[in-house]
Amino acid sequence: MEKSLPRLGVNIDHIATVRNARGGEHPDPVAGAWAAIQAGADGITAHLREDRRHMRDDDMERLQLLCESKNIPLNMEMAATTEMQDIALRLKPKAVCIVPERREERTTEGGLDVAGQHNRLVPIISALNDNGSRVSLFIEAVTHQIEAAARTDAEVVEFHTGAYAHALDEDNQDKADKILDALQQGATLAHALGLEVHFGHGLTFDNVEPIAAIPEGMELNIGHFIIGEAIFIGLEPAIKEMHRRATQARYGS
Ligand code: PXP
C-alpha cells in the first residue's frame with residue numbers, strides 16, 4: 001500500500017460559514033481551498049446544500065476551476081435531488097458524495113438509506129458516472145446498507161464516523177469501541193464487495209488515529225475540526241498535523 005494513504009480530503013464548508021455570517025466575500029472558501037492544497041490536502045470537499053447555508057453555487061464553480069487547474073480532486077457532497085444532479089452534471093467534479101439531507105439538521109446526521117432508496121439512487125449514480133464523476137455513498141457501516149451500495153454502480157462508500165466521535169465526546173469508550181469494531185468490519189465487507197472505503201464526520205486530532213489505522217480506508221474527509229483548529233494554529237499546521245497522525249496510525253511513523 002502507498003505510504004501516502006489514507007488520503008486527506010479537506011472539507012472547506014465552514015470557511016464559507018464564517019464568510020456568510022457577515023454576508024460579504026471574506027473569508028473566501030476558494031482561497032481557503034488553495035491554502036489547503038498548498039498545505040498538502042489530497043482533495044477538497046464541499047457540500048452544496050439545498051439552503052446554501054455555507055457553499056454557494058458560484059463557490060462550487062470557482063472551486064472546480066481551481067481543483068481542475070491544480071489537478072486535485074473536488075469532492076462535491078450533495079443530496080440526491082434533481083437540482084443537485086443537474087449542478088453536478090454541469091460542474092463535472094472528479095468525485096460526488098451523495099449524502100442524506102434534512103433542512104432542519106445542523107449537519108449530516110446519519111447515513112444514506114441506500115437499501116430503501118435503491119430505485120431513486122441508481123439513475124442518479126449512473127448519470128454521474130457517465131459524466132465522469134466517481135460516486136460515493138455516505139452510509140452507516142451496517143451490512144444491509146453496504147450490500148445495497150454494492151448493488152449500485154457507486155465505486156465508493158464513505159462511512160459516517162459521527163457516532164464514533166460522539167461516543168468518545170461523551171467519554172463512552174465501550175460504545176466507541178463497539179462502533180469502531182463495526183466500522184472495521186464494514187470496511188472489510190465493503191472492500192470484499194469491491195467498494196473503495198472512505199471515512200468522515202466528526203474526526204479530530206484526538207479521535208482520528210483508530211479510524212486512520214483501518215487498513216481498507218483510502219480517504220478521510222475532515223472539515224469542521226481542521227477549520228476550527230486553523231483559528232488557533234493556522235490552516236497549514238492543522239492539515240499537516242492531521243496528515244501526520246493519520247500516517248502514523250497507518251504505518252507507525
Ligand atoms: N463527510 C461527509 C459526507 C460529510 O457530510 C461531512 C460534513 O459535511 C464530512 C465528511 C466532514 O465532517 P466534519 O466537518 O465533521 O469533519
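Note that ligands are numbered from 1 as they come in the structure, with each ligand's atoms numbered from 1 the same way.
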Any Lys/Arg nitrogen of Glu196 or Arg7 sitting under 4.0 Å from an Asp/Glu carboxylate oxygen of the other? yes
Measure the distances from the heavy atoms of Phe138 to every atom of ligand 1 and state whether one is below 4.0 angstrom. yes
Taking only non-hydrogen atoms of Gly202 and a 4.0 Å limit, the atoms of ligand 1 in range are 12 (O), 13 (P), 15 (O), 16 (O)
Kindly confirm or rule out an N or O of Glu158 lying under 3.5 angstrom from an N or O of ligand 1. yes
Atoms in ligand 1 with a heavy atom of Asn11 nearer than 4.0 Å: 8 (O)
Element-labelled atoms of ligand 1 that are located less than 4.0 Å from some non-hydrogen atom of Asn221: 10 (C), 11 (C)
Measure up the Phe159 and Phe199 rings against each other and bin them: parallel (under 30°), tilted (30 to 60°), perpendicular (over 60°). tilted
Any chance the side chains of Asn75 and Thr45 put a donor and an acceptor closer than 3.5 Å? yes
Taking the basic N atoms (NZ, or NE/NH1/NH2) and the acidic carboxylate oxygens, is any pair closer than 4.0 Å for Asp59 and Arg19? yes
Identify, by atom number and element, the atoms of ligand 1 in contact range of Ile222, meaning under 4.0 Å from any of its heavy atoms. 16 (O)
Considering distance alone, does some N or O of Val99 sit under 3.5 Å from an N or O of ligand 1? no
For His47, is there any backbone N or O sitting under 3.5 Å from a side-chain donor or acceptor partner on Asp13? yes
Number the atoms of ligand 1 from 1 as they appear, then name those within less than 4.0 Å of a heavy atom of Glu77, with their elements. 1 (N), 2 (C), 3 (C), 4 (C), 5 (O), 6 (C), 8 (O), 9 (C), 10 (C)
Can you check whether Cys97 has an N/O within less than 3.5 Å of an N/O in ligand 1? no
Arg250 (side chain) donor-acceptor with Ala212 (main chain) under 3.5 angstrom: yes
More than 12 heavy atoms of other groups within 6.0 Å of Asp58 CG: yes
Pairwise side-chain contact, Met76 with Leu63, heavy-atom cut-off 4.5 Å (strictly under): no
Taking only heavy atoms of His224, which atoms of ligand 1 are found under 4.0 Å from at least one of them? 13 (P), 14 (O), 16 (O)
Can you tell me which portion of His160 lies within the under-4.0 Å heavy-atom range of ligand 1? Options are side chain, backbone, both, or neither. neither
